[in-house]
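Residue indices begin at 1 and follow the sequence shown. Each ligand, and each atom within it, is numbered from 1 in the order the structure gives.
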Amino acid sequence: MQTAGNAQTGAVETGSTLVGERIAELQDWRYEIDDEKIAWAVFDRAGESVNALGQRPLQELAEIVERVEQAAASGDIVGLIIMSGKKRGFIVGADIREFEQLDSEAKVIEAVSTVNAMLDRVEALKVPVICAIHGNCLGGGLELALACHYRVATRDDTTRIGFPEVKLGIFPGFNGTARSIRQAGGVAAMQAMLTGRMIRASAARAMGLIDELVPSPHRLRWAARRAVLRKRKSKPAGRTKRMMSAWPMRGVVVKKMRAETAKKVSADHYPAPFRLIDLFEKHGNNFKAMQRAETKAFAPLMVSDTSRNLRRVFMLSEEMKAQAPKDLDFKPLRVHVIGAGVMGADIAGWCVASGMQVSLQDLSPEAIEKGIKAQDKLFKRKFRSTAERAAAAARLIADPTGERISRADVVIEAIVEKLEVKQAVFRDVEAKLKPGAVMATNTSSIMIEDIAEGLSDPSRLIGIHFFNPVAQMPLVEVIHGTGSNPTEVQKGCAFVTAISKFPLIVKSVPGFLVNRVLAPYMFEAFQRLEAGEDMNKIDAAAKVFGMPMGPIELADTVGLDVCAHVGEILKGTADGTKLGDMVAKGDLGKKSGRGFYVWKDGKPVRTDTKFDDAELGALGRELVQPLIDEAARCRDEGVVASGDLVDAGVIFGTGFAPFRGGPLHYQASVAAE
Ligand code: NAI
């Protein structure tokens, strides 16, 4: 009997039980024993909107575990339920903000080992331990869940299970490798860890990571309670799944995994997935050995430059989201897009997929029809049920005459790149626009100030500059014209955040940020090409540096006409160059089947020449140098608010090698070497 504990916590003793016992000094957890002798540990991190496993919550959980051990031994409780006290979300993972304190392998090993010992104690508890999950259950959160004896989750669409660690240059370090393999088998668990994908509750149940589903959050407590009383215990992966983790199958599986991973990333740039495969290869079906080896392999990754830089990229993305002020009274629900071409149609589709109602206007009814039809693919990918897809299709409305402009919260213009035509469109829009609505152009090369000329209130116009392809590019530049009203710019950011993109406030300068830094990089490549360098070598070198695609392939993908146009704006004429000649001939790149490359089945046809690694390395660095120099000029001229935001914009707008932490960060680290 814990009389001392009772005096401290004010629990009511009924017979031998501790009904109502609380641990008063907890800040991030609530701990309570109910009248059925079930202990409830509810994670509700103080002062935060989501639960992340930082040092304090983990220490408090350790206190709870100690209390539960004692209460279980004395028969004062019959089980433990771990759940979240937040409305949305279980646990998003370990607290990345605290990772920086772990600056040596020894510190990482110490910190991780303490948590792992605590999770072992959770697993060893003599009473059923049930984890009740609603919303995101990711990374360290999933590792805690896996240390419990049984997992109940809501079938809700917001419930997602996953190991996103590889995206931060690490892999699960709270023994999630060993425990997920035990539950789901080597193949499924490794796939989840190697891809970092977010798994729906039903799929996680099919994999064995979740044991029971309930239809809604209201049923979660009840189902968890029943699981305690019925002493539910999860079953590990069956024989067939286990066989895949044992020799000789493991050898085959590992080989395939290595090949698949190597297709996506290089081991030099992103070592984590490869180290994870090594770990599985060595210890795949030995739980205890894998637990120990996980920590050893995890520590060097955690202190590596790659992981530090990827964590930096994550923090930068958070900083961009914070550009949309939370207290702004602006909730965009209706969007009107003018221009149903390449960009307009996809912008409309993306807004619909984000839950908004969108009207689409174009001079050409065929363009509207084609643009709307083209969104089917996106809706298919985004929505599982036919009802959801039908609802999305119904939210995308053809509006050839712009009748819905007056009801829209945001109007985006994406018509031909011609100043007078845009000016005329905005005069019409301004006359119809309701008060408080945002008025934006998607122009990539015309000055906002010029388009705004002739409006009764030019300060209302801002730029909202999307990148192509809209669905894939995470960044949207929000352009602050010289005369733009800052509130309109903030509303623009709120809109961009509402459609799950990263907003970046950029000054109105030619090329804005992304095209401005890309142009000298592309022109460096074109010049080398003109001087006789092999384009296959140029592209290979850029990839060795860590760019997602080489500059020549990128030019072909964007369209050589678009490149020439951007080039004219930033650098003068493309006439007389190879680029200019090709545009004149109608060789526009991927879209016309021929550009610098010949394109077959959506892929460039390459020579299979092998190039020297050292040469590629040196050439790669030379190719990106003009981009880095331009990025530095953008910082110095205050094109965006800080050097960090230049890095963020260039990473999310161009795909600049994320593991290098951004062009300016890379330059500074090279200088410091
Ligand atoms: P596009 O040529 O594919 O589509 C333009 C559409 O606007 C056509 O369907 C045309 O019928 C329509 N249109 C022309 N005048 C109109 C008017 N007065 N009222 C209504 N509709 C009208 O052009 P795209 O590539 O979609 O570009 C549109 C805008 O987006 C341009 O300002 C461009 O600079 C910008 N942009 C383009 C990117 C790209 O990669 N294509 C990337 C980012 C921005």
(message) Measuring only between side-chain heavy atoms, which start at C-beta, is Asp376 closer than 4.5 Å to Leu378?
(response) no
(message) Applying side-chain hydrogen bond (donor to acceptor under 3.5 Å, both in side chains) as the test, list every pair that has at least one member in residues 339-355; sequence neighbours left out.
(response)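 Listed by first then second residue: Asp346-Gln375.
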(message) Test: side-chain hydrogen bond (donor to acceptor under 3.5 Å, both in side chains). Region: residues 498-508. Which pairs qualify, not counting sequence neighbours?
(response)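 Every side-chain hydrogen bond (donor to acceptor under 3.5 Å, both in side chains) pair that includes a residue of residues 498-508, provided the two are not neighbours, is Glu449-Ser508.
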(message) For a 4.5 angstrom cut-off between non-hydrogen side-chain atoms, does Met473 reach Leu475?
(response)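 Side-chain contact under 4.5 Å: no.
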(request) Can you sort out the partners of Arg635 under salt bridge (charged side-chain N to carboxylate O under 4.0 Å, His left out), two or more places apart, ordered by chain and number? (result)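 Partners of Arg635 under the salt bridge (charged side-chain N to carboxylate O under 4.0 Å, His left out) test: none.
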(request) Would you check if the distance from the ring center of Phe545 to the ring center of Phe656 is below 6.0 Å? (result) yes
(message) Can you list every protein residue that has a heavy atom under 4.0 Å from any atom of ligand 1, sorted by chain and residue number?
(response)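 Its neighbours under 4.0 Å (heavy atoms only) are Ile338, Gly339, Gly341, Val342, Met343, Asp362, Leu363, Ala367, Ala414, Ile415, Val416, Glu417, Val421, Lys422, Val425, Asn442, Thr443, Ser444, His465, Phe466, Asn468, given by chain and number.
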